[in-house]
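What follows is a single structure, written as structure tokens, with notes after it.
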Amino acid sequence: MIKRIKGTQDILPETSPQWIALEELIRKTMLVYNFHEMRTPIFEQTQLFARGIGQLTDIVSKEMYTFLDRGKKQLTLKPEMTAPIMRAYIENKLYARAPLNKIYYIAPLFRQENPQAGRLRQFHQFGAESLGTADPLADVEIIDLAMTIFSNVGLKKIDLRINSVGDPKCRTPYKETLKDYIRPRLDQYCEDCQRRYEENPLRVLDCKNDICQQLNQNAPKLNEHLCQDCENHYAKVKETLSALGIPFTEDPYLVRGLDYYTRTVFEITSEALGAQNAICGGGRYDLLAKELDGPDTPAVGFAAGMERLLIAMQQEGIVLKELPRLDVFIVALGEQARNESPRWLKKIRSKGLSAEMDYLGRSIKAQMREANRQKTRFVLLLGENELNQKQFTVKLMDKGEQITVPFDEVISFLKKQIVAD
RNA sequence: GUGAGUGUAGCUCAGUUGGUUAGAGCACCAGAUUGUGGCUCUGGGGGUCGUGGGUUCAAAUCCCAUCACUCACCCCA
């Protein structure tokens with residue numbers, strides 16, 4: 001048997017309505033905030049991610065699905081959406097059409113990690129990006145948008161954590177200060193932290209290891225070493241969040257994995273999830289546009305995981321949409337009635353009502369069972385008597401009642417009944 | 001890449017110290033009701049016990065290997 005690829009999922013008809021409803025809710029909220037959709041190709045030149053996300057990140061160094069096409073071009077299935085959005089923004093010169101572009105997306109992404117709860121190799125993210133503004137109010141709008149979507153969905157058990165990672169001007173000297181602090185006791189830190197010390201010293205700060213946390217007690221904090229501009233920016237973000245009544249906690253150890261982040265970073269977690277409890281992450285990335293050979297463009301955005309969101313929703317018992325009911329099932333008895341059925345199906349369907357018949361040659365009893373299984377509202381019974389008298393026997397499945405309706409009145413009867421529901 | 005756990009019917013799971021034809025619930029099909037669903041009752045179909053090897057008179061059960069899945073580390077949505 002050929003099986004699906006590890007870390008991928010089939011979304012079956014029974015769960016698809018939940019996806020559709022969630023996507024509709026996202027699109028609706030995005031439009032209310034005046035963000036507009038962008039779709040980009042599923043694959044890109046590998047170079048885009050290598051330069052945009054950073055060579056040293058886990059994503060680029062070991063998680064990308066990269067391959068050569070027939071022309072020996074190196075391609076990669078996109079592992080995140082910010083770099084492709086920025087590439088499209090630059091390539092299509094959107095900056096020349098409007099000073100500020102507010103973009104959203106819903107897209108499948110690919111990372112070759114070992115799967116676990118809330119982590120897949122093909123997964124879906126939705127997100128938003130404000131391209132062209134350095135205003136801290138834009139940071140807040142992005143955070144507010146993300147929180148509003150989760151709130152519209154009905155999620156309750158979520159937490160917002162924020163921090164500022166500064167910019168190169170203050171971050172670079174801070175890294176040295178931090179390394180100066182760690183260096184004398186480096187050998188006491190865990191193996192991972194000893195590696196992090198070289199690759200990304202900021203990561204040492206959010207290590208979960210108890211010993212490392214002890215050692216970090218008196219470590220210098222980045223938000224105490226911000227330059228004046230970054231400090232002002234961060235203060236404005238916090239002040240505005242408070243003004244909007246958005247609850248948040250400051251987490252001086254919050255670090256983002258991707259190189260392009262500057263200043264504001266944030267993460268939204270759900271307690272309803274397992275170890276992978278982040279449903280949303282984002283922040284400001286003022287350096288990315290230039291890194292990708294575009295004009296200097298300040299930007300801020302977020303990305304949220306659809307699967308994780310759906311797990312959290314399920315844990316909180318949130319159901320956005322049930323399987324739609326079937327309006328009409330035609331139960332046909334005998335050859336002639338069977339042959340008449342497709343015409344009636346077409347007529348009913350043309351009025352926008354969902355309709356079905358039996359294609360398995362089943363008995364009336366089995367056909368009724370099938371209609372019941374599909375939670376049908378109305379069964380149209382068509383047998384010899386009905387054909388002779390030019391009328392349907394209509395069974396109202398919810399009430400269990402049965403009435404006869406002449407052929408030429410049946411459409412208006414059904415429409416009236418279904419509107420009445 | 002590393003570690004742990006789990007693989008028995010479509011699904012959820014029983015299966016006693018190895019011992020006859022491997023079970024239950026749900027689902028599916030049929031009958032009770034020869035033109036009628038849901039409830040009830042009766043019956044039915046469906047399993048190379050993940051796979052390969054070994055121990056044994058005898059293996060779902062014990063041993064080894066292998067594969068798959070799950071969770072966790074790392075990292076992240």
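Lettering follows sequence order; numbering is per chain, from 1.
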Check: When the distance from CG of N277(A) to P of C71(B) is rounded to whole Å, what number comes out?
Finding: 15 Å
Notebook entry, point to check: What is the nucleic acid contact for Q402(A), judged by heavy atoms within less than 4.0 Å: base, sugar-phosphate only, or nothing?
Noted result: base
Checklist line | C41(B) - base-pair partner by Watson-Crick or wobble geometry, distances under 3.5 Å | finding: G31(B)
Margin query: Please check: side-chain N/O of T8(A) versus main-chain N/O of R4(A), any donor-acceptor pairing under 3.5 Å?
Written below: no
Next item on the list: Mind running side chain to side chain donor-acceptor pair (under 3.5 Å) on T76(A) and Q45(A) for me, showing each step along the way?
Entry: CA-CA 6 Å; T76(A) 294; Q45(A) 293 184 38; over 6 Å; no
Checklist line | Value in whole Å for how far the C1' atom of C69(B) lies from CG of L120(A) | finding: 13 Å
Margin query: Looking at G383(A), is its backbone amide N or carbonyl O close enough to the side chain of E386(A) to form a donor-acceptor pair, meaning the two atoms are under 3.5 Å apart?
Written below: yes
Margin query: Does A72(B) have OP1 or OP2 under 4.0 Å away from a side-chain N or O of Q116(A)?
Written below: yes
Note to self: Counting only Watson-Crick pairs (N1-N3 plus N6-O4 or O6-N4) and G-U wobbles (N1-O2, O6-N3), all under 3.5 Å, who is the partner of G19(B)?
What the structure shows: C57(B)
Notebook entry, point to check: Is K395(A) touching bases, backbone alone, or none of the nucleic acid, heavy atoms closer than 4.0 Å?
Noted result: base
Next item on the list: Determine yes or no for a side-chain-to-main-chain donor-acceptor pair under 3.5 angstrom, with R308(A) supplying the side chain and G118(A) the backbone.
Entry: yes
Next item on the list: Report the distance from atom CD of E63(A) to atom C1' of C73(B), rounded to the nearest whole Å.
Entry: 13 Å
Notebook entry, point to check: Heavy atoms under 4.0 Å, any strand shown: does R4(A) hit a base, just sugar-phosphate, or nothing?
Noted result: nothing
Item checked: Six-ring centre of Y197(A), K179(A) cation under 6.0 angstrom, axis tolerance 45° -> yes
Note to self: Without decimals, in angstroms, what is the distance between E80(A) CD and C75(B) C1'?
What the structure shows: 15 Å
Next item on the list: May I ask you to say what E113(A) touches in the nucleic acid, namely base, sugar-phosphate or nothing, with a heavy-atom cut-off under 4.0 Å?
Entry: base
Notebook entry, point to check: With a non-hydrogen cut-off below 4.0 angstrom, is L333(A) in contact with a base, only sugar-phosphate, or nothing?
Noted result: base
Note to self: Counting the atoms with a prime plus P, OP1 and OP2 as sugar-phosphate, which does R111(A) contact under 4.0 Å by heavy atoms, base, sugar-phosphate, or nothing?
What the structure shows: base
Check: Rounded to whole angstrom units, what separation is found between the CD atom of Q374(A) and the P atom of G38(B)?
Finding: 15 Å
Next item on the list: Report yes or no: is the cationic atom of R185(A) (NZ for Lys, CZ for Arg) under 6.0 Å from the centre of the six-membered ring of Y181(A), at an angle within 45° of the ring normal?
Entry: yes
Checklist line | Chi angles and distances behind the ring pair (Phe, Tyr, Trp, His ring centres under 6.0 Å) call for F392(A), F407(A) | finding: CA-CA 6 Å; F392(A) 281 108; F407(A) 281 170; 5.0 Å; yes
Notebook entry, point to check: What string of B, S and - do you get for nucleotides 2-8 of chain B 5' to 3' if you count protein non-hydrogen atoms under 4.0 Å?
Noted result: B------
Item checked: Complementary nucleotide for A14(B) - Watson-Crick or wobble, under 3.5 Å -> none
Checklist line | Nucleotide G35(B), atom P - distance to CD of Q367(A) in whole Å | finding: 12 Å
Next item on the list: Would you indicate which nucleotide in A72(B), A77(B), G35(B) comes nearest to any side-chain atom of F123(A)?
Entry: A77(B)
Next item on the list: Scan every strand shown for a Watson-Crick or G-U wobble partner of U2(B), both distances under 3.5 Å, and answer none if you come up empty.
Entry: A72(B)
Checklist line | For U66(B), the Watson-Crick or wobble counterpart (both distances under 3.5 Å) | finding: G50(B)
Next item on the list: Take the protein atom CD of Q112(A) and the nucleotide atom P of C76(B), then report the distance between them rounded to whole Å.
Entry: 18 Å
Margin query: Using modelled atom types and a 3.5 Å cut-off, is there a donor and acceptor pairing between side-chain atoms of S164(A) and backbone atoms of Y234(A)?
Written below: no
Next item on the list: Give one of base, sugar-phosphate or nothing for A278(A), where a contact means two heavy atoms less than 4.0 Å apart.
Entry: sugar-phosphate
Check: Atom CG of L396(A) and atom C1' of G37(B): how far apart are they, to the nearest Å?
Finding: 13 Å
Check: Within the structure shown, what part of the strands sits under 4.0 Å from G127(A) by heavy-atom distance: base, sugar-phosphate, or nothing?
Finding: nothing
Check: Counting just side-chain N and O atoms, does R373(A) come under 4.0 Å of either OP1 or OP2 of C28(B)?
Finding: yes
